[in-house]
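Everything on this sheet refers to the single structure shown next.
Note that ligands are numbered from 1 as they come in the structure, with each ligand's atoms numbered from 1 the same way. By convention here, the first residue in the shown sequence is residue 1.
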Amino acid sequence: MEIIRTKKELQKYLSTKNQLGLVPTMGSLHRGHLSLVEKSITENHHTLVTIFVNLKQFSPNEDFKEYPRNLEKDLDLLKKFKVAVFCPSHKEIYPHQANHGYTYIGNKLLENLYCGKTRPFFFNGVLLIVLKLFNLINPQHAYFGKKDFQQFFLIKEMIKDLNLKVKVKAIATVRNKYGLALSSRNLYLDKEELEQASFFYQSLIHAKTLFKRANFNSPKEIEDYLIIQLKKKFKIDYLKVVDKKTLLPSQELKGLIILGAIYINKVRLIDNLEI
Ligand code: AMP
């Protein structure tokens, strides 16, 4: 398996590849990431997985230092697949001095809503790294998880707004047997907390069932119901039921998605469900 660490090595690798699928990750890989890798392999001649914990998407008080990193294990997992891996250093991607300004990528409407409200640097950092990777690699396809629905939405908006050529695909969320969405941050949870965490998705599913039985008269009623349920076990960061095509509030009882983030102690988990 080819392991690429510098932009120079990357250019050499790319010079012989005419069609490529990209899977950007922050490593600490699990079955969720691997489902993106598998999809890319079936749809492209070559697949490049990137592993890069992107400092720019963490706020100063967030878990950049503690974020789980296990490059050896990740490379070992990827060996089974027909992929190459780009795992650059911070300096390779951000060669400027710390005090150097950098171009700002954002989404005026949505960067400060939902996940962006508690994570003010998050979407700017995500869009910046994703755009950099698109420009460095020029993939035909790129694969992202639906678990990070708002992230995928903003990447799609960026592609439209900036006339990028890459086609992006959203892959269904991979869950454990209790429904909990797999996440690198689940490693922060002990056994009891992991069990508790599955109540998050189970509550979303329950709300969907009630919604299908016409128990709610507005998206707001679904939100109110879920807030009461989730408060029993978690501190809620946000819980919103919005139009899945715009990610904005809706009065309609169709085309909706539930978006939410909760805390278990200090660990913040996100999930969503189209209803
Ligand atoms: P991350 O390493 O957390 O930045 O995630 C890298 C990519 O994997 C993103 O596109 C995520 O949405 C996706 N991803 C993370 N967890 C899952 C999951 N449980 N199922 C499917 N995709 C996922």
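Close approach to Phe144 involves these atoms of ligand 1, each under 4.0 Å from a residue heavy atom: 10 (O). Within ligand 1, counting atoms from 1 as listed, the ones closer than 4.0 Å to a heavy atom of Lys147 are 16 (N).
Within the 4.0 Å heavy-atom shell around ligand 1 one finds Ala172.
Both the sub-6.0 Å distance and the 45° axial angle are satisfied by Lys17 relative to the ring of Tyr13. Under a cutoff of 6.0 Å and an axis angle of 45°, Lys39 and Tyr143 do not form a cation-pi pair. Cation-pi geometry between Arg69 and Phe64 is met: under 6.0 angstrom from the ring centre, within 45 degrees of the axis.
When non-hydrogen atoms are compared, ligand 1 lies under 4.0 Å from the side chain of Leu36 (C-beta onward) but not from its backbone. Under 4.0 Å from ligand 1, the heavy atoms of Pro24 that appear belong solely to its backbone.
At under 3.5 Å, a nitrogen or oxygen of Leu182, whether backbone or side chain, sits near a nitrogen or oxygen of ligand 1. In terms of polar-atom proximity, defined here as any N/O pair under 3.5 Å, Val174 does make such a contact with ligand 1. Taking any N or O of Asp148, backbone or side chain, at least one lies under 3.5 Å from an N or O belonging to ligand 1. At a 3.5 angstrom cut-off on N or O pairs, His33 counts as close to ligand 1.
Thr6 and Phe86 get closest at one heavy-atom pair: O-CE1, 3.9 Å. When all heavy atoms of Thr47 and Ile41 are compared, the closest pair comes out as OG1-N, 3.4 Å.
The heavy atom nearest to atom 17 (C) of ligand 1, out of those in His30, Arg31, Met26, Arg185, is found in His30.
Of the candidates Lys169, Lys167, Gln19, Lys169 is the only one forming a side chain to side chain donor-acceptor pair (under 3.5 Å) with Glu43.
In terms of protein heavy-atom proximity, atom 9 (C) of ligand 1 is closest to Gly145 N, 3.9 Å.
Side chains of Gln140 and Asn44: a donor-acceptor N/O pair is absent below 3.5 angstrom, by distance only. Defined by atom type and a distance below 3.5 Å, a donor-acceptor pair is missing between the side-chain atoms of Asn272 and Tyr114.
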